[in-house]
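Notes to accompany the following structure.
In this text the structure is predicted, and so the values were computed from the model without any measurement. Order of the sequence lines sets the chain letters (A, B, ...), proteins ahead of strands, with each chain counted from 1.
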Amino acid sequence: MHQPNLKEAFYALGRVPDCPVYDLHAHMGSYLGISFPRAEAPDMINAMDRAGVRLLVFCHHHTLHSPDIGNAVNVEAVRSYPDRLRAYCGINPNYPDVIAHDLDAFDQYPDVYVGLKMLADYHAYALTDERYRPAWEFAERRKLLVLIHTWGHSLYDGPEVVRKVAERYPRTTILMGHSCHGEWDKAVALVKDFPNVYFELCAVLDERGVLEKFVGETGSERIVFGTDLPWFNHHYYIGSVLGADINDEDRHNILHRNAERLLVRYL
Amino acid sequence: MDLDFYDANLYFGRPTREVYNPARDASELLRRLDGYGVHQALAYHVAERDVSPVAGNAMTSREIAGHDRLWGCWTILPPQTREVVQQGAEFFAQMKQQRIIALRAFPGLHNYLLQRTVFGKWLDEVSERQIPVLLSIEHGVSWPVAYSLLTDYPLLTCVLCDIGIWGVDRYTWPLLEQYPNVYLETSLVALEDGGMEAIVRRYGADRLLFGSGFPDRYPESAILQLLHADITLDDRRRIAGGNLKRLAEQVQY
């Protein structure tokens, strides 16, 4: 009997029980630059169900862009869907007092947080800035995941900046959101040089060939899947992983095995 | 698969700037489409965009000849220079003869203004003949240009392709609302979570045409999204291919 490969299985069913998906780069809520059709937790959970997404790790847009709202919305959402959601504690270096408060409170939420989220391009401080130091040192002491927005040629979170924090904080697992978009060779070099640095695929997968490059040069065990949900559709990005010239073992690593390994202490 | 995919947005040939593993010619494109599960396509040689519409249009016509699952689109230039567009019925007769069912325009790349001052009554004739004009937002057409064109030619059958990755409903919905012959190609509509479902609810499935964006994007992305979109099977069928078939049948050469 023909055993369907992953592409055939996803085409037929939309979700595949032995290939659960872990989305390690997501957001939630309304945002200034876009009209989201499905941005609130119930709709996002429904979207996850349709694509077989087991767990989504996010940081709410409002947390990242308003210190007056802060991380409370992350806590509320995760506690509404404790089996399906985890959060990154949002860090905005413009407000050191808020960072200090949130780090002090971090241990009150072991059921909520898996690490920290930094959005340096938008907050306009480099990841190496002194204002980030308390958060990095906090993550280093606890060996946390830190999801950082990265983008090629950025002075705030481009590959040269990522290199410096990867050197300084070797016990922290650094997920390069968008994988230094556009400076793919430098992203590859970072993953080769630092065992604590991972590729993350959001906004990478809408260009053919990049994932093949990552897998070809570093293997598939240091790549995690992410969508920026509610920005991008799970099936769209899963389809990209299915369409890439890699094998099904690589696809299992990317869609769930690597994340399961990173998250084992939290689940 | 339940869907008969007719791809509205792809090219063959090698572009000036290298992309990953393109289809070098029409025969190879068809082999790739078979692997993706796409039955037929509206295709063009990328030389139309990257080299010259004069050379590229001829390459498209030559390549698709004899391939009954491929249809072509030519790229237009201002009528005044007579490089591509000729006044009179002969241009359209040539389109029919060479199985060209749509036109493309890359005004930003090809250095002209896509407006009535340039195209005059010729685009009125294209509107009357119901020939689709495809505009790529990623390649040489800004939103103000698209808005300006449709202000000048409100009945034009206009397909907006490659609409951008960061969510553009605030640009596209007013056009869908105002102009009955505006359509969206789905290779990046499919990327926005819930975007397709929202458009279908508000404007109907008839306004969407399946496109893959190959070779720039993975066809499996837009295919998997459409296969499992939260809309009816009938809506999925129309988006996958039914709408483009209807538009092709409506062309009056």
### Task
Go through B/Leu191 and A/Tyr237 one step at a time and tell me if the side-chain contact (heavy atoms from CB on, under 4.5 Å) criterion holds.
CA-CA 8 Å; B/Leu191 177 57; A/Tyr237 274 167; 3.8 Å; yes
### Query
Nearest heavy-atom pair of B/Tyr36 and A/Arg208: which atoms, and what distance?
OH-NH2, 4.4 Å
### Neighbour count above 12 (heavy atom, 6.0 Å) for A/Leu155 CG
no
### Task
Select one option (side chain, backbone, both, neither) describing which atoms of A/Leu229 are under 4.5 Å from chain B's heavy atoms.
side chain
### Contact class of A/Ala51 relative to chain B, heavy atoms under 4.5 angstrom
neither
### Message
Please report the interatomic distance CD1(A/Ile34) to CD(B/Glu192), rounded to the nearest 0.5 Å.
### Response
5.0 Å
#### Entry: Residue among B/Ala229, B/Ala222, B/Gly195, B/Pro215 with most heavy-atom pairs under 4.5 Å to chain A
B/Pro215
### Message
Does B/Phe106 have more than 12 heavy atoms from other residues, nucleotides or ligands lying within 6.0 Å of its CZ?
### Response
yes
### Query
Checking B/Ala198 against chain A: side chain, backbone, both or neither under 4.5 Å from a heavy atom?
side chain
### With A/Pro37, the side chain to side chain contact (heavy atoms under 4.5 Å, CB included) member among B/Asp169, B/Ile199, B/Asp193
B/Asp169
### Task
Check whether A/Arg50 gets within reach of chain B through its side chain, its backbone, both or neither, counting any heavy atom under 4.5 Å.
side chain
### Task
Measure the acute angle between the ring planes of B/His228 and A/His235, then classify it against the limits of 30° and 60° as parallel, tilted or perpendicular.
tilted
### Message
Are there over 12 heavy-atom neighbours, none belonging to B/Arg14, within less than 6.0 Å of that residue's CZ?
### Response
no
### Message
Other residues, nucleotides and ligands only: do more than 12 of their heavy atoms fall within 6.0 Å of CD on A/Glu260?
### Response
yes
#### Entry: Mutual orientation of the aromatic rings belonging to B/Trp166 and A/Phe232 [parallel < 30°, tilted 30-60°, perpendicular > 60°]
tilted
### Task
Please round to the nearest 0.5 Å and tell me the distance separating atom NZ of A/Lys7 and atom CD1 of B/Ile223.
7.0 Å
### Query
Measuring heavy-atom distances to chain B, does A/Ile238 have an atom under 4.5 Å in its side chain, in its backbone, in both, or in neither?
both
### Message
Please determine whether the number of non-hydrogen atoms from other residues, nucleotides or ligands lying under 6.0 Å from atom OH of B/Tyr171 exceeds 12.
### Response
no
### Task
List the atom of A/Tyr236, the atom of B/Leu188, and the distance in Å for their closest heavy-atom pair.
OH-CD2, 3.8 Å
### Query
Which heavy atom of B/Arg170 sits nearest a heavy atom of A/Tyr31, and at what distance?
NH2-O, 3.9 Å
#### Entry: Nearest heavy-atom neighbours spanning B/Tyr218 and A/Ser240
CD1-CB, 3.5 Å
